[in-house]
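These numbers come from the heavy atoms of this one structure, side chains and all, not from hydrogens, waters or symmetry mates. Below, chain A is the first sequence line, B the second, and so on; all start at residue 1.
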There are 2 protein chains.
Amino acid sequence: MATPPQTARSERTRAALRKAATVRFLAQGVEGTSAEEIAADAGVTLRTFYRHFTSKHDLLFADYDSGLQWFRKALSERPAGEGVVASVQAAIFAFPYDVDAVTQIANLRIDALDPSRIVHHMRQVQSDFAHALLDHLHRLHPEGDELGLTVAARSLTAAVFAAMEVWLRAPERSLPELARLSREALDVLEPTFRHY
Amino acid sequence: MATPPQTARSERTRAALRKAATVRFLAQGVEGTSAEEIAADAGVTLRTFYRHFTSKHDLLFADYDSGLQWFRKALSERPAGEGVVASVQAAIFAFPYDVDAVTQIANLRIDALDPSRIVHHMRQVQSDFAHALLDHLHRLHPEGDELGLTVAARSLTAAVFAAMEVWLRAPERSLPELARLSREALDVLEPTFRHY
DNA sequence: CGAAGTTTCGTCACTATTGACGAAACGCGG
DNA sequence: CCGCGTTTCGTCAATAGTGACGAAACTTCG
């Protein structure tokens, strides 16, 4: 498994792997790069590569965790008393659409990636997002009934990702447009979960 | 890829692989069975195995497609004018919880399976379910706005799977209980999507 | 500094999946 | 029944991903 780095040494190895991967990916595409090449460039064995990243594609989304953490934190810092929907909308709007992140994704030419990999990753993100939201709801309503909270967390998440789905098909794919769609999607559920 | 069988011959091979897999899986567990053993038992090569099933775990859920088709059909046969929520609830209630299917899953001792495989599969099912529902909504409202319909389809799907999630954690894991939870979860969204 | 404990690596051996290519089996018209 | 186009297979060769085990590197403590 991808053991979370412990010592300085592994941190160095990890960095080397990341750098090597980025270079190769950009130069010859993701699918055109073998895990072995990356490992070799980084001066380690293939086996070691897999000690740091669960998969080759893991490298692509290696930074995504920080985004999730940011989201969790943003939610927890929302003023008490604010409804969940408003909190989620606020968090989404405040999200630091880091230029690096966006550029990087763009540079990697998503189309060149095996679509199924992206789909897979998106589902993972969606699942994590739902969990984060459920945790948030649990915090707000320690006594809330499980089914209700779960439905709320998952429905709201579904709305956000529905917005994303529509956005991906839309002609104008700008960040503001995505934000607008997200807000609109969440507005639909606002009355339903107003009480949370 | 798993080419959909064309001729009688491939149908035979497919059946042989299925049978061999079932025997092995039941006897030594899924993870304890290699794709090669299955292929050998069926009298074919490993490569041929992969011509019929995209993966070893595919065999486990090979029948699931028929369930999805059933659901799509059930939705399309609901009386015009009935709300989506009611339609979905009706479809879920009418679902032929085939004893074979349930028993099979039970026999395979889900716990013995690598959980991530099941999670992966569940996400796929959820995605397909959402698409089926979106198609249904498109049929009912050819002119409906995309975002609204997508949010509805995904939210309702989320509710159903939220019920499943709660059910999986609950002490009583009976079919009627799952149905009850599903109905209750969908009831939450009923007012929101009553107009569809 | 040096021994003991911990973490990271390399090596070996396997299973899972997939692309390419040619041979064998099948199904149909003559 | 035979020839021919189609489909299914087998063989070969790679890459992806993992478990087990022992050696090397790093830390901590005396």
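Residues B/Glu36 and B/Ala8 each lie close to DNA chain C; by heavy-atom proximity, the contact nearer the 5' end of the strand is made by B/Glu36. Nucleotides of DNA chain D nearest to B/Arg9 and B/Leu46 differ in position, and the one nearer the 5' end is that of B/Arg9.
One interatomic measurement links the two molecules: CZ of A/Phe49 to C1' of D/dT18, which rounds to 14 Å at whole-angstrom precision. Between B/His120 atom NE2 and C/dT17 atom C1' there is a gap of 14 Å when expressed in whole angstrom units. We find that CD of B/Glu31 is positioned 11 Å from P of D/dG19, with the value rounded to whole Å. To the nearest angstrom, P of C/dT17 lies 16 Å from NZ of A/Lys56. In this structure, A/Glu37 places its CD atom 8 Å from P of D/dA16, rounding to the nearest Å.
Residue A/Ser34 is in sugar-phosphate contact alone, with no base atom involved, counting any heavy-atom pair closer than 4.0 Å across all strands shown.
Between A/Phe193 and A/Tyr196, the ring planes are parallel. Angles under 30° get that label, and only those over 60° would be called perpendicular.
For D/dG17, the base has no donor-acceptor partner in the side chain of A/Arg51 [N/O atoms by modelled type, under 3.5 angstrom].
The phosphate of D/dC9 (OP1 or OP2) has a side-chain N or O of B/Thr13 nearer than 4.0 angstrom. Side-chain N/O atoms of B/Ser10 include one lying less than 4.0 angstrom from OP1 or OP2 on D/dT8. Within the 4.0 Å cut-off from OP1 or OP2 of D/dT8, not a single side-chain nitrogen or oxygen of B/His52 is found. Note on A/Thr48: a side-chain N or O is less than 4.0 Å away from OP1 or OP2 of C/dG10. Residue B/Tyr50 has no polar side-chain atom (N or O) positioned under 4.0 Å from OP1 or OP2 of C/dT18.
Environment of CD in A/Glu36: sparse, with no more than 12 heavy atoms of neighbouring residues, nucleotides or ligands closer than 6.0 Å.
At least one side-chain heavy atom of B/Leu75 sits under 4.5 Å from a side-chain heavy atom of B/Phe71. Residues B/Arg51 and B/Leu17 have side chains not in contact (no heavy-atom distance under 4.5 Å, counting atoms from C-beta outward).
Of the candidate nucleotides D/dT8, D/dG19, C/dA16, D/dG19 has the atom lying nearest to any side-chain atom of A/Arg47.
Side-chain contact of A/Arg123 with B/Ser127: a donor-acceptor pair under 3.5 Å is present, judged by distance alone.
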